[in-house]
Amino acid sequence: MTIRSAGPAMLLALLLLPAPGRAWGFFAHRLINRLAVFTLPPEMVGFYKANIDYLTTNATRPDSRRTVVPGEAPRHFLDLDVYGDSAAYKLPRSYPDAVALLGEDSLLRHGVVPWQVARMKGQLTAAFQAHDTDRILHLSADLGHYIADACVPLHTTRNYNGQLTGQRGIHGFWESRLPELLSSGYDFFTGPAPYLDRPTDVVWATVARSHAAVDSVLTFERELSQQMPEDRRYGFEQRGNLTVRTYSRDFARAYHQRLSGQVERQLRLAVRLVGAFWYTAWVDAGQPDLSALPRTPSEKEQQRLALEAKQLEAAPARAAAGHEE
């Protein structure tokens, strides 16, 4: 089964979902997890399709926790430029080794996304081995979120919102505005999810690839802003009951063309990697028979999610170290 099986109706439905300014936005995170299901082999796809709504809806749960749960915020990014040249190739792959070298305070300030992905891959493998439906689904949804974040260039730099270069707002523009406007024309075909012999190395290579794109993300926006007058760069759109100022459709299309489809490529990479990590965790668990598992989350899991949502809504937001704008 290919990703194209998802169909234009599903894409349209996701386009109507609200998208906040951080991470990929609700739309893109939900799209990535949903499309990743269609990359899985027959032995997995039935179980994951039965739970596709859970995986789609809960793709955004880590962002909901970001300013409420202590220690959540650093899991979404890694400021590679803080650690010097070629940091993606020099930093320890083991989190305890990284703590010993850099100190945990520094890691939590500047992000831990590749270590988080590697840790969760191990947890998902263990959940498959335990035949624990609730935990498989919970971890699959969250893991998809962090993998997707690792594919965002601005999640790999301390200049994450252009705040150091006079380009505030570029974060949401790149990862929310462009997918919202243009993804109906993107090619999301990735082929079947591959097995990852060295998943930890893969996530670090992904962060390195994302970081290599930071310069073009910032440079092309700056060049276009200098060429296009402000009244063409921005417009006003209705969002619910609010009229908001946002980047214009003309500017978004020009930026997409200048980037040569970079956002599309990174979205497609995220879809492929989410499927690959799910598949690799299942293989490493001994390829358990998923058809023997309950096809839906338990009542206990549904109650847990409802309680978590209520607690997050009631809890005061905390100042989150790093990438707080």
Side-chain angles (χ1 to χ4, degrees), residues 1-6 24 29 31-52 54-56 58-59 75 78 88-89 91-95 112-152 187-210 264-293 295:
M1 182 175 295
T2 69
I3 285 179
R4 295 196 185 279
S5 304
W24 273 104
H29 270 301
L31 179 64
I32 289 163
N33 266 16
R34 194 172 191 96
L35 293 181
V37 170
F38 297 94
T39 71
L40 298 174
E43 297 88 345
M44 297 183 71
V45 74
F47 174 81
Y48 273 79
K49 280 188 70 176
N51 292 286
I52 197 167
Y54 176 104
L55 295 163
T56 301
N58 290 293
R75 298 171 181 171
L78 174 61
Y89 306 99
L91 288 171
R93 288 353 187 198
S94 159
Y95 188 71
V112 297
V113 67
W115 293 291
Q116 174 70 8
V117 168
R119 181 177 73 90
M120 291 197 71
K121 184 273 168 188
Q123 291 176 336
L124 182 56
T125 298
F128 278 123
Q129 290 171 331
H131 302 91
D132 187 336
T133 291
D134 288 348
R135 191 149 174 80
I136 290 168
L137 294 175
H138 178 110
L139 291 168
S140 293
D142 280 9
L143 178 57
H145 183 103
Y146 299 121
I147 292 168
D149 278 353
C151 296
V152 177
D187 176 10
F188 288 111
F189 180 75
T190 70
Y195 176 79
L196 305 176
D197 290 311
R198 306 182 68 169
T200 296
D201 288 347
V202 168
V203 69
W204 278 94
T206 300
V207 171
R209 166 177 164 160
S210 297
E264 177 181 356
R265 290 194 302 276
Q266 292 302 107
L267 267 170
R268 188 164 56 239
L269 173 66
V271 170
R272 179 175 174 83
L273 287 179
V274 171
F277 270 84
W278 291 345
Y279 174 54
T280 300
W282 175 74
V283 171
D284 289 351
Q287 303 182 39
D289 181 6
L290 301 185
S291 67
L293 299 183
R295 303 293 281 182

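Counting begins at 1 with the first residue of the sequence. On a predicted model such as this, the values are computed, not experimentally measured, just so you know.
With hydrogens and angles disregarded, no donor-acceptor distance shorter than 3.5 Å links the side chain of W278 to the backbone of V37. When atom types are taken as modelled, the side chain of H138 and the backbone of I136 share no donor-acceptor pair closer than 3.5 angstrom.
What you find for P288 and W282 is that their closest heavy atoms are O-NE1, 2.9 Å. Closest non-hydrogen pair, T125 versus A281, comes out as OG1-CA, 3.3 Å. When all heavy atoms of S210 and A150 are compared, the closest pair comes out as OG-O, 2.7 Å. The nearest pair of heavy atoms linking N33 to L55 is ND2-O, 3.1 Å. Across every non-hydrogen atom of R295 and L290, the tightest pair is NH1-O, 4.3 Å. The shortest heavy-atom contact between L40 and G275 is CD2-O, 3.6 Å.
Between R119 and Y146 the shortest side-chain heavy-atom distance does not fall below 4.5 Å. Under the 4.5 Å side-chain criterion, counting only non-hydrogen atoms from C-beta, R272 is not in contact with T39. Contact annotation: the side chain of T133 approaches that of F47 to within less than 4.5 Å [non-hydrogen atoms, C-beta and beyond]. Looking at Q266 and L269, their side chains come closer than 4.5 Å, going by heavy atoms from C-beta outward. With contacts defined as side-chain heavy-atom distances shorter than 4.5 Å, the pair W115/W204 qualifies. By the 4.5 Å heavy-atom criterion applied to side chains, I32 and L267 are counted as neighbours.
Listed by first and then second residue, the salt bridge (charged side-chain N to carboxylate O under 4.0 Å, His left out) pairs involving residues 136-146 are R61-D142, R65-D142 (not counting sequence neighbours). Among pairs with a residue in residues 121-136, those fulfilling salt bridge (charged side-chain N to carboxylate O under 4.0 Å, His left out) read K121-D284, at least two apart in sequence or across chains.
Rounding to the nearest 0.5 Å gives a distance of 4.5 Å between CG of N51 and CG of L137. Summarising the geometry, atom CG belonging to L78 is positioned 12.0 Å from atom CG belonging to D149; distances are rounded to the nearest 0.5 Å. To the nearest 0.5 Å, atom CZ of residue F38 and atom CD1 of residue I52 are 4.0 Å apart. To the nearest 0.5 Å, atoms CG (L139) and CD (Q123) are separated by 5.5 Å. Rounding to the nearest 0.5 Å gives a distance of 4.0 Å between OG1 of T56 and CZ of R34.
Take S94 and apply the side chain to side chain contact (heavy atoms under 4.5 Å, CB included) test, not counting sequence neighbours, and it matches P96, D97. In this structure, the salt bridge (charged side-chain N to carboxylate O under 4.0 Å, His left out) partners of R198, at least two apart in sequence or on a different chain, are D201. Residues forming a salt bridge (charged side-chain N to carboxylate O under 4.0 Å, His left out) with R209 (at least two apart in sequence, or on another chain): none. With sequence neighbours excluded, the residues forming a side chain to side chain contact (heavy atoms under 4.5 Å, CB included) with A276 are P194, L196, listed by chain and number.
Below 30°, between 30° and 60°, or above 60°: for H29 and H145 the angle between ring planes is below 30°, a parallel geometry.
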Should L31 and F188 be marked as a side chain to side chain contact (heavy atoms under 4.5 Å, CB included) after you check the CA-CA gap, both sets of side-chain angles, and the distance that decides it? CA-CA 10 Å; L31 179 64; F188 288 111; 3.6 Å; yes
